[in-house]
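Here's the structure, in structure tokens; my notes come after.
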Amino acid sequence: MSLEDDLFEQRAARVSEIEALGYRPFGKRFDFTHTVPEVFERFGSKTGEELEAEKIRVRIAGRIQTVRRMGKAGFMHVQQNGGKLQFYVRKDAVPERDYALFGMLDIGDIVGAEGYLFITRTGELSLHVEALEFLSKTLLAMPEKFHGLEDTETRYRQRYLDLISNPEVRDVFVTRAKVVSSIRRQLEERGFIEVETPMMQPVYGGAAARPFVTHHNTLDIDLYLRIAPELYLKRLIVGGLERVFEINRNFRNEGVSTRHNPEFTMVEFYQAYTDYNGLMDLTETMLRQIAIDATGGTVVPFGEHQLDFGSVRRLTMRDAVVEFWEGEGGPTPGQVRDSAWLLANAPKATAGECLAHLFEVHAEKKLIQPTIIYEFPVEVSPLANNNPNEPAMVDRFEIFVASMEIGNAYTELNNPLEQRRRFDGQLDMQARGDDEAHQMDEDYLRAMSYGMPPTGGEGIGIDRLVMLMTNRTSIRDVILFPLLRPEAEIGMADRLRRLG
RNA sequence: GGGCGCGUAGCUCAAUUGGCAGAGCAACUGACUCUUAAUCAGUAGGUUGUAGGUUCGAUUCCUACCGCGCUCACCA
């Protein structure tokens, strides 16, 4: 028998022992008076004398992190809600039955206790337990207390263990929640309403990506998991919902990396009667506020850098290529406007694609501080409006931070005649073998033909933004359950079956 | 998909040119009424990712496969 099975059976046997003492081994309702962090907020600054005089009674529940037993007394640390509180249990202060229970507790068990707060000789605010309640049993051994759980595979597969074992992981996801709620609140304050549009779509669009395909049985149709909500949100703009946003998953059937997960979260928002300049201002304000809401300030550490969300630089894609050109033969501002020069200096079919390619190769990795890059070529922007002064360019910008693209925005194309031409252009690209080219969307053309107001629209990648706010270099560290290949057989059901 | 790396006890890690698989934590038994990575004494725990191969002998060398990580390509 392996050690793990041995341990498993020992603990299963302990379930009966706990039951024999008169406790329910899988617990019951426990009305606590404070969370552990609340205990420290409210009473953390009191002195030992004050606590002795006031005898503050509390009821606390949580998971046992460490136990130190010394014969007729002992300590344990109990973690709950991101904090940990020390419990002091002594034989002469609790019912006999509770002390017997204390003797058979395992690290990882969940308990509740009632008692009063005091400060130990070593100065730690603790709970002097007067009654102990058993709330749930762990049958499996917890990760080691000192190093925690380090194995990345186990951390991602069993995120619950990661969360129990590594407090900073909890902080990452708390920060993630702050980022999302900051975005939601800021948009709502400006009159945006949150909507939900189809994630299963008969025609996919709104981005250049390969989709996942699924099937609906009774309708007998293939559907695509959406690669972006864009086309539906703009239909809502046509319908008069003039400020809408959606925060949810997109699915792209592409490789995984430290910056890509097949499902990822975006916020997309659309505002009628503005344009990409309006969105630049809004983006700057929002990013700044997100940093404050998530981290407490506008300067955020990221690796060796200090990212300053207090100011956002703006420059055109052409200027970026000129400024950041690597190596010899850097172009002049005139050359990056010259189709012949572009076509001669990048391996793409059109001048616009060449410019975008040169930008990606030379400039992107150098954009560490928050930077808005604007004026994009029309060839890589099938849904954005042409610049009135230069039809080869569109009124579009992207936000880069720490070499990552985290946002994309433009003045929406609202001319159905031009949109038809763009779709046809995409079909041509498809015919030439580009499997990420945009599909024709007839209903979208129809919606636009009813008249869509001038509109600005933007999408921000939440996962990447959270990476920046939490100083994580892998997207898997900010997604609770990142996609992994299925695990080999676990055998848990069989093990439990053997116990009855 | 390509390249590089990793996989040893529940967890964190060792193991000498290829020569008896080990430690700490967790667990078990005992001692201990202010400890905090509690301490002290003792006990138990292994299909070295899987399958082959080389060898007297493989955790170690070789091949394939599985899983994970990093990276390049692609994308956001």
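Quick caveat, the model's predicted, so the values are computed rather than measured. In the text below, chain A, chain B and the rest are named by the order of the sequence lines, each starting its count at 1.
Rounded to a whole Å, the CZ atom of A/R259 is 10 Å from the C1' atom of B/rC72. As a whole-Å value, the separation of A/I475 CD1 from B/rC74 P is 18 Å. A/E124 has its CD atom 9 Å from the C1' atom of B/rU35, to the nearest Å. The CD atom of A/E9 sits 15 Å away from the P atom of B/rG10 (whole-angstrom rounding). Rounded to whole Å, atom C1' of B/rG10 lies 14 Å from atom CD1 of A/I164. B/rC34 atom P lies 20 Å from atom CG of A/L117, rounded to whole Å. At whole-Å resolution of the value, CD in A/E150 and C1' in B/rC6 are 15 Å apart. Between A/E17 atom CD and B/rC28 atom C1' the separation is 12 Å, expressed in whole Å.
When the side-chain nitrogen and oxygen atoms of A/R155 are compared with OP1 and OP2 of B/rG69, none of them lie within a distance under 4.0 Å. In terms of phosphate contacts, A/R476 brings a side-chain nitrogen or oxygen within less than 4.0 Å of OP1 or OP2 of B/rC70. Contact annotation: A/R69 does not reach the phosphate of B/rA31 (side-chain N/O to OP1 or OP2, under 4.0 Å). In this model, the phosphate group of B/rU71 is approached by a side-chain N or O of A/T258 to a distance below 4.0 Å at OP1 or OP2. Applying the 4.0 Å criterion to OP1 and OP2 of B/rU39, one finds that A/R68 has every side-chain N and O outside that range. Distances shorter than 4.0 Å separate some side-chain N or O of A/K145 from OP1 or OP2 on B/rA26. Between A/R485 and B/rG67 there is a side-chain N or O to OP1 or OP2 distance below 4.0 Å. For the OP1/OP2 pair of B/rC28 and a distance below 4.0 Å, the side-chain nitrogens and oxygens of A/R14 include at least one atom meeting the criterion.
Rounded to whole Å, the C1' atom of B/rU54 lies 28 Å from the corresponding atom of B/rC68. Nucleotides B/rA14 and B/rG3, compared at atom C1', are 30 Å apart to the nearest Å. Taking atom C1' on both nucleotides, B/rG57 is separated from B/rC70 by 36 Å, rounded to a whole Å. A distance of about 13 Å separates the P atoms of B/rA15 and B/rG19, rounded to the whole Å. Taking atom C1' on both B/rA51 and B/rA37, the two are 41 Å apart, rounded to the nearest angstrom. Spacing between B/rU48 and B/rU33 at atom P, rounded to whole Å, works out to 44 Å. For B/rG10 and B/rG46, the P atoms lie 8 Å apart once the distance is rounded to whole Å. For B/rC40 and B/rA21, the C1' atoms lie 28 Å apart once the distance is rounded to whole Å.
Aromatic pair A/F359/A/F400: centroids less than 6.0 angstrom apart.
Relative orientation of the A/F423 and A/Y444 rings is perpendicular, given thresholds of 30° and 60° on the angle between their planes. Taking the six-membered ring where the residue is Trp, A/Y116 and A/H128 present parallel rings, their angle staying beneath 30° rather than reaching 60°.
Distance from the side chain of A/Y88 is smallest for B/rC34 among the nucleotides B/rC70, B/rC74, B/rC34. Residue A/K72 places its side chain closer to B/rU33 than to any other of B/rC68, B/rC34, B/rU33. Residue A/A141 has its side chain nearest to B/rA26 when only B/rA26, B/rU12, B/rU35 are considered. Minimum atom distance to the side chain of A/Q10 is reached by B/rA27, of the listed B/rA27, B/rC70, B/rA76. Taking the side chain of A/I107 as heavy atoms from C-beta on, and the options B/rA27, B/rA76, B/rU12, the nearest nucleotide is B/rA27. The side chain of A/R157 lies closest to B/rG67, out of B/rU33, B/rG67, B/rG69. When distances are taken from the side chain of A/F118 to each of B/rC34, B/rA76, B/rC32, the shortest belongs to B/rC34. Of all nucleotides listed (B/rU33, B/rC74, B/rC68), B/rC68 comes nearest to the side chain of A/E153. Distance from the side chain of A/D151 is smallest to B/rU12 among B/rU12, B/rA26, B/rC68. Set against B/rG69, B/rA76, B/rA38, the side chain of A/T66 has B/rA38 as its closest nucleotide.
In this model, a side-chain donor or acceptor of A/Q86 finds a partner on the base of B/rU35 within 3.5 Å. Side-chain atoms of A/E144 come within donor-acceptor range of the base of B/rG24, with a qualifying N/O pair under 3.5 Å.
For A/H34, the ring-ring contact (aromatic ring centres under 6.0 Å, His included) partners two or more places apart in sequence, or in a different chain, are A/F43.
More than 12 heavy-atom neighbours from other residues, nucleotides or ligands sit within 6.0 angstrom of CD on A/Q10.
When heavy atoms are screened at a 4.0 angstrom cut-off, A/T152 is found touching the sugar-phosphate backbone but no base atom. Here A/E436 lies in heavy-atom contact (under 4.0 Å) with sugar-phosphate atoms only. Looking at heavy-atom distances under 4.0 Å, A/A228 makes no contact with the nucleic acid at all. A/N261 comes within 4.0 angstrom of a base, heavy atoms only. Residue contacts shown for A/I406 are absent, as no nucleic acid heavy atom lies under 4.0 Å away.
The ring of A/F75 does not lie on top of the base of B/rA38; it is either too far (5.5 Å or more) or too tilted (30° or more).
Taking a pair as Watson-Crick or G-U wobble with both distances under 3.5 Å, RNA chain B forms stems of 3 or more consecutive pairs at B:1-7 with B:66-72, B:10-13 with B:22-25, B:27-31 with B:39-43, B:49-53 with B:61-65.
In terms of heavy atoms, A/M393 sits closest to A/P377 at SD-CA, 3.8 Å.
Under a 4.0 Å N-O distance rule, the pair A/K234/A/E230 qualifies as a salt bridge. Electrostatic pairing of A/R11 and A/D106 counts as a salt bridge here, judged by a charged N lying under 4.0 Å from a carboxylate O.
With the nearest nucleotide of RNA chain B identified for both A/G71 and A/G407, A/G71 has the one nearer the 5' end. Both A/A488 and A/G74 lie near RNA chain B, and the one whose nearest nucleotide falls closer to the 5' end is A/G74.
Taking CZ of A/R464 as the start and CD1 of A/I475 as the end, the distance is 6.0 Å to the nearest 0.5 Å.
For the residue pair A/N408 / A/R396, a side-chain donor-acceptor distance below 3.5 Å is found, with atom types taken as modelled. Between the side chains of A/R170 and A/N81, at least one donor-acceptor pair of N or O atoms lies under 3.5 Å.
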For A/S126 and A/Q86: C-alpha separation, side-chain torsions, deciding distance, then whether side chain to side chain donor-acceptor pair (under 3.5 Å) applies. CA-CA 5 Å; A/S126 303; A/Q86 181 168 254; 3.0 Å; yes
